[in-house]
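Sequence lines set the chain letters: A, B, ... in the order given, protein chains first and strands last, and positions in each chain run from 1. Because only heavy atoms are used, hydrogens play no part in the values below, and waters and symmetry mates are left out as well, while side chains stay in. Remember, predicted model here, so these are calculated numbers, not experimental data.
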There are 4 protein chains.
Amino acid sequence: MDRLIPKPEDHFTFGLWTVGNRGRDPFGVEVRPVLPPVRLVQLLSEVGAYGVNFHDNDLIPIDATFHERDAIVAEFKQALKDYNMRVPMVTVNLFTDPAFRDGAFTSNVRAVREYALQKTMVSIDLAAELGAEVFVLWGGREGTEVDASKDARDVLKRYRECVDFLCEYVLDHNYALKFALEAKPNEPRGDLFLPTTGSMLAFIETLAHPEMVGVNPEFAHETMAGLNFYHQVAQALEAGKLFHIDLNDQKIGRFDQDLRFASENFKTAFYLVKLLEDAGWQGMRHFDAHAYRTEDEEGVKAFARGCIRNYLILREKAQRFNEDPEIQAILQQLRAEGGDEPLLYSPEMAAALKQRNFDRVALGEKAYPYEKLDQLVVDLLLGVR
Amino acid sequence: MDRLIPKPEDHFTFGLWTVGNRGRDPFGVEVRPVLPPVRLVQLLSEVGAYGVNFHDNDLIPIDATFHERDAIVAEFKQALKDYNMRVPMVTVNLFTDPAFRDGAFTSNVRAVREYALQKTMVSIDLAAELGAEVFVLWGGREGTEVDASKDARDVLKRYRECVDFLCEYVLDHNYALKFALEAKPNEPRGDLFLPTTGSMLAFIETLAHPEMVGVNPEFAHETMAGLNFYHQVAQALEAGKLFHIDLNDQKIGRFDQDLRFASENFKTAFYLVKLLEDAGWQGMRHFDAHAYRTEDEEGVKAFARGCIRNYLILREKAQRFNEDPEIQAILQQLRAEGGDEPLLYSPEMAAALKQRNFDRVALGEKAYPYEKLDQLVVDLLLGVR
Amino acid sequence: MDRLIPKPEDHFTFGLWTVGNRGRDPFGVEVRPVLPPVRLVQLLSEVGAYGVNFHDNDLIPIDATFHERDAIVAEFKQALKDYNMRVPMVTVNLFTDPAFRDGAFTSNVRAVREYALQKTMVSIDLAAELGAEVFVLWGGREGTEVDASKDARDVLKRYRECVDFLCEYVLDHNYALKFALEAKPNEPRGDLFLPTTGSMLAFIETLAHPEMVGVNPEFAHETMAGLNFYHQVAQALEAGKLFHIDLNDQKIGRFDQDLRFASENFKTAFYLVKLLEDAGWQGMRHFDAHAYRTEDEEGVKAFARGCIRNYLILREKAQRFNEDPEIQAILQQLRAEGGDEPLLYSPEMAAALKQRNFDRVALGEKAYPYEKLDQLVVDLLLGVR
Amino acid sequence: MDRLIPKPEDHFTFGLWTVGNRGRDPFGVEVRPVLPPVRLVQLLSEVGAYGVNFHDNDLIPIDATFHERDAIVAEFKQALKDYNMRVPMVTVNLFTDPAFRDGAFTSNVRAVREYALQKTMVSIDLAAELGAEVFVLWGGREGTEVDASKDARDVLKRYRECVDFLCEYVLDHNYALKFALEAKPNEPRGDLFLPTTGSMLAFIETLAHPEMVGVNPEFAHETMAGLNFYHQVAQALEAGKLFHIDLNDQKIGRFDQDLRFASENFKTAFYLVKLLEDAGWQGMRHFDAHAYRTEDEEGVKAFARGCIRNYLILREKAQRFNEDPEIQAILQQLRAEGGDEPLLYSPEMAAALKQRNFDRVALGEKAYPYEKLDQLVVDLLLGVR
């Protein structure tokens, strides 16, 4: 079971807000005590994490003075050193404070947009100071309940202005930072703008510096809308736009659950892990989840260990999938029929294709052994193969 | 009530398959007789439609001879002339025939992909012959139930190859046709590839001729995934990529209902109509819906008339929204706070912004009169204003 | 517009927690100040409410002394008198405190179940003291994320024990109180037990005193699961088990939104209002909703007024539906075919029925004018009829 | 792997319509040839089934003469004998024929309701003739898209009349048959009446012979509405009302997929199997699913074998769960805190409980090791334990 022990090169990371989650929800107050960031870094190192990520205010209270801020950062840096932990990603909280109640970059109030930019620039400076490579932007309040209040085209212009502004800021400061945009369909707003990874990918192409901006897909967020997360990540990867990823779990069509990775949708989690491994994903394997409200600190550790463990279990299964003779024989046969050469246009090719006499009925009688293939995967996942 | 009578310049169109729908569903057989295309054209002209759209096989049986095909097309052209109807859009059926049981452009079998291209080229020729401006591609079988069967990155390459091929074909023939890609999250496949309009918009940017390709968002399809259709269309419009639109209705999170337009989600339909009208949308107002299985031909006409009527009712309400003093006063106030000047980056601007002392608490105390605004819209929609 | 002004006999009520909601959500802190109960009673009287409901801890802090409790209750009674408001319903909060993190009546810890009973008995005493007629039980934590932790049969036994206990308590004290059980499919737990009004109705039949227990269906809760709220309430009404009702609004398949009544699903809200009015519903029209997080106190009032206003608008439309000659002509025709006599069994009747020669094809050709009927309702709702 | 070979006493059954499914869907025609019932019986015996179930018209065409009917039944009986197969359940198709387009037992047309009763009585006779023990009623068309068309209370009266009628019919003929009602939230109708197992359980209590009527919960149907199927079945079992069960699989919030059992929601399927086995379920393990449209006859067999195999895999895991020391230690500890004695009311007990001084804060600090417990189950399911 050595293969289920995490190594630094596995690049498992957690947010401070994940193991630091205190169990508050819409119908209940906090159940777990505050754990200071330094203690969270220690806890994460104990469970085998490679790094720790945070929102600005996970580390530094929103009303901290500069002096307090500096002391906190110094102490945090020492903890990173003590526990040999990195900070690969930083993000900014533009959703908790009442100032953002109607959005940050898409707010109807110019001063709020400006304040959001200030807060983000300050967070970017900190990210750069700590050596982060990715800066995530999740617009938790960029949405609406009342569509009369905002023209859904104008909000995109505002959103674009702010992201363009921040790209220039990073360029201007020669920071080695890329942005990763995170989509979510709804919650806490009735509808969030740019609700899926697809929407974000399309939006990025309209930016001034699309090369600096990619996506941070989250398992739970796409799953809330019933989308196949593996497909969503595949599109981002194929477009060269997967800059970060949020691993967790979720049931379709309900509130944001942020469950332990691979504790619910085993099959989709398996294909996702297989995709990342097959693609040689060099980025972080970041968990954005939290323990059930029933847990204490021991439970939080069990939760964190479970996230990592499930990734490693599925990684091993992905390897076995790639080596399984019966599975590979089916895939080999499918590939043989698929053909390797691309279907490239030429007038001659098109003319020939139009002339060709296809045996449509025979094509329709052709079957595909997918029940068998899927059952082999089920056997593999359930450990009876 | 003159404003509720459709005019040609309103550009209302229907598919042959909509008023020709025979009421078959997964648990029941057909309940309505076949109506030939010529009769459907007549029926549509009676209800006030401007044009009629179709899949190749709505008009021409898949196994028709060339001779039969020509006779059918000639008769259809005569009907168009007789009833003064246009064909603004044509599409190709790549989902009904057993040959496409595992996809068309993304099939694992090269011959199926080639046959799909042939079938599409032939349909494009017909579209051009009939003067259509838009060719819609809906990949009804481009998806999967078994993710082991297809690498979700490879399918995008295949999809792209085929769309690129077809763009070259259109260019090569100097056809004045643009493509509109239609997304759907699932059904009839477990998961369809490129499941949302956002995914499609992102995919288009990876094509060889992105300028020739836009989207055809469908109300029901985005709504199935719980997405805000008005937001989805707004993104497409803002990107200059709205080439066509499918109007109908649907409840969230269930089978594809294709209900009469604006018979379910009044509010979203209202904002959609307002968006199209405010944007001066020059394209078709195409209904992709069908009558309940309880109906006969009279019911089909009531259904079609209802689609048009609801659009016109909401268009009038959109106009009243734009003229309502109380609503506009709120919006005016919001705009005043929003500021007109864009937030453009300069080092000085960034530095000034970072220095500025924002009164965060005051920003957080600021409230927004959205309950009032939304109720004004509800009053407007319910006709008590 | 006099018909849109609420009267006491309309029986509109709100919970203290609705207009007192401070706008906290999973991603944001409170945005509105605390309003004391007395002020909330005043506010509700201003907007036209007949009564006010509450959870024990909406009025009395969970850690209040007996002395503090008595002072609060005395002050509250005076406010009720001052503003001529009643308390028709009281409920108990068994979900906010960490003690209930794994349930109250279904907790795995006996002491928690006992504490929950104590807390409920004390609340029942207060309900009786204030003259409430209905005591609502919503088991906000009666559920699970981890099905291994509880046998889903055993939890029903525990739940039943507690409800039976409380019925005996009420009988023993000669309180004129009935219980109303409230179902919810999920949130804050991954899955809640007895997740729909149907499940609750079935559960009630297994109690020791089913006659004392009915349901409190909530629009948002059934809608979260995509169920038709009008159908759910109709079943409860038909069974004589509608004891209370929670009016609000919600989009399908997402977090609990508690939107202003009839601000989203106009059609379902219309049929619901029509049902309550046609049935001569004598109970309360209780709103369990809250203002958007964007609002201040003015917005809260606009929200509360909107709930009432929408009910009254729809009530008027229900009356017009019942008087509309065209609609009623269709319904009359349907009724004529439906037959009035019940289909009662007798051996002779069964034998005759088995012998009868039905013209199945003719029955299948019979159509139903539902597109027309539905459009008449849409016209009515949109105010163009 | 002997434990994964089905035995007759495992009581695995399939409907004729499952392995006979021809792959038609809303967007595609049939892909598989008709297999006659006798061949399907043979196929089912080959995969290890114990019995076969059917709708009347799966076996006997709706327009068969009496003579044809008798010949078909005789041939079918011979096949049952030849392949040593039983018919534990029969049902009636009240949804395919156009006669039922607006419902059967709840139709607005009296003649349709009468014809539905006739068709059902004839099917019941056949069920009795073949020795079936359970007669399932699924009201595939008992629903609506247009709520104006039917009073949702009246439909329950009609539904009840018909079920009461059929109970009398069975009693009158001394048939040893029980009824099992099957719920579904929607599809093919916009909303189906009595949409969940809970609704059905409640409805049964209002019948004249509730003791003769139970439920037939279906995994896919409850899952469509996002409900926890294990919880739903547990309620039915606890009430003594589980008379039959439909095993398959499904993703939440989409069209009725009828996937191979336990091919999607491993965890819920596991708890379901554990529940049935722990409860000593004596009824059938009936699969109501079908092969993907990609399959041929070999694929259909792989599908059927997979359903059985997955049940047996999960049954073995349930046994291991019950024997796992670490899991059982946690459960033992939970049980110890839960207490064995029921909480029975007495005036003294209530008074004592009200007096008791609970340490609420200590109860709130108590944590539950559910992350650990759940991960042990994940390990068990994934075969790494």
Side-chain angles (χ1 to χ4, degrees), chain A residues 17 21-32 55 62 93-103 107-108 138-141 144-146 149 184-192 224-226 249-260 263-264 290-296 299, chain C residues 17 21-32 55 62 93-103 107-108 138-141 144-146 149 184-192 224-226 249-260 263-264 290-296 299:
Chain A
W17 70 92
N21 178 285
R22 300 186 57 209
R24 202 194 70 169
D25 69 26
F27 298 89
V29 296
E30 290 80 355
V31 294
R32 288 186 287 265
H55 302 87
I62 196 166
N93 182 327
L94 298 176
F95 44 88
T96 297
D97 194 79
F100 304 120
R101 65 212 284 187
D102 191 34
S107 169
N108 270 333
W138 175 55
R141 299 279 168 197
T144 188
E145 293 79 32
V146 178
S149 68
K184 189 177 179 186
N186 62 75
E187 197 197 279
R189 304 307 298 268
D191 292 292
L192 290 166
M224 284 167 70
D249 217 328
Q250 170 78 26
K251 288 199 185 185
I252 291 173
R254 60 186 62 177
F255 73 100
D256 188 5
Q257 298 187 279
D258 280 346
L259 298 169
R260 192 169 84 258
S263 64
E264 180 64 32
H290 58 75
Y292 310 130
R293 195 169 176 265
T294 45
E295 309 302 301
D296 58 10
Chain C
W17 69 92
N21 178 286
R22 300 185 56 208
R24 201 194 72 170
D25 69 26
F27 298 91
V29 296
E30 290 78 356
V31 294
R32 287 186 287 264
H55 302 88
I62 197 166
N93 182 326
L94 299 175
F95 45 86
T96 296
D97 194 80
F100 303 119
R101 64 213 281 187
D102 190 33
S107 169
N108 270 333
W138 175 55
R141 300 277 168 199
T144 188
E145 293 80 32
V146 178
S149 68
K184 189 178 178 185
N186 63 74
E187 197 197 280
R189 305 305 299 265
D191 291 293
L192 289 166
M224 285 168 69
D249 217 327
Q250 170 78 27
K251 288 198 185 185
I252 291 174
R254 60 187 60 178
F255 73 99
D256 188 4
Q257 298 186 278
D258 280 345
L259 299 169
R260 191 169 83 259
S263 63
E264 179 64 30
H290 57 74
Y292 311 130
R293 195 171 177 263
T294 44
E295 308 303 301
D296 58 11

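Minimum heavy-atom separation, A:E145 to A:G190: OE2-N, 3.1 Å. For A:G23 against A:V31, the heavy-atom pair with the smallest separation is CA-CG2, 4.1 Å. Minimum heavy-atom separation, A:P188 to C:D25: CB-OD2, 3.3 Å. Closest non-hydrogen pair, A:K184 versus A:D256, comes out as NZ-OD2, 2.8 Å. Of all heavy-atom pairs spanning A:D258 and A:Q250, the tightest one is N-OE1, 3.8 Å.
Under the 4.0 Å criterion applied to side-chain N and carboxylate O atoms, C:D191 and A:R254 are assigned as salt-bridge partners.
Using a 4.5 Å cut-off between heavy atoms, C:E187 touches chain A through backbone and side chain atoms alike. Interface residue C:R293: backbone and side-chain heavy atoms are both found under 4.5 Å from chain A. Of the two parts of C:E295, only the backbone, made up of N, CA, C and O, holds a non-hydrogen atom closer than 4.5 Å to a non-hydrogen atom of chain A. A:N93 does not touch chain C: none of its heavy atoms, backbone or side chain, sits under 4.5 Å away. Looking at C:E264, there are no atoms closer than 4.5 Å to chain A (heavy atoms on both sides), in backbone or side chain. The contact between A:W138 and chain C is made entirely by side chain atoms (from C-beta outward), counting heavy-atom distances below 4.5 Å. Proximity to chain A (any heavy atom under 4.5 Å) is restricted, for C:Y292, to the side chain, taken from C-beta onward. A:R189 touches chain C through backbone and side chain together, each having a heavy atom under 4.5 Å away.
If you tally non-hydrogen atom pairs under 4.5 Å between each of C:D102, C:V29, C:I252 and chain A, the highest count goes to C:V29. Chain A forms more heavy-atom pairs under 4.5 Å with one residue of C:L259, C:D97, C:T96 than with any other, namely C:T96. The candidate with the highest count of non-hydrogen atom pairs below 4.5 Å against chain A, out of C:F100, C:F27, C:F255, is C:F27. Highest contact tally toward chain C, considering only A:G28, A:A225, A:G140, is held by A:G28 [criterion: heavy-atom pairs under 4.5 Å]. Your options are C:P185, C:S149, C:P26, C:G226, and the one with the most heavy-atom pairs under 4.5 Å with chain A is C:P26.
Going from atom CD of C:E30 over to atom CZ of C:R24 covers 6.0 Å, rounded to the nearest 0.5 Å. A:D249 contributes atom CG, which lies 8.5 Å from atom CD of A:Q257 (distance to the nearest 0.5 angstrom).
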Check against salt bridge (charged side-chain N to carboxylate O under 4.0 Å, His left out), A:R101 and C:D296: CA-CA 11 Å; A:R101 65 212 284 187; C:D296 58 11; over 6 Å; no
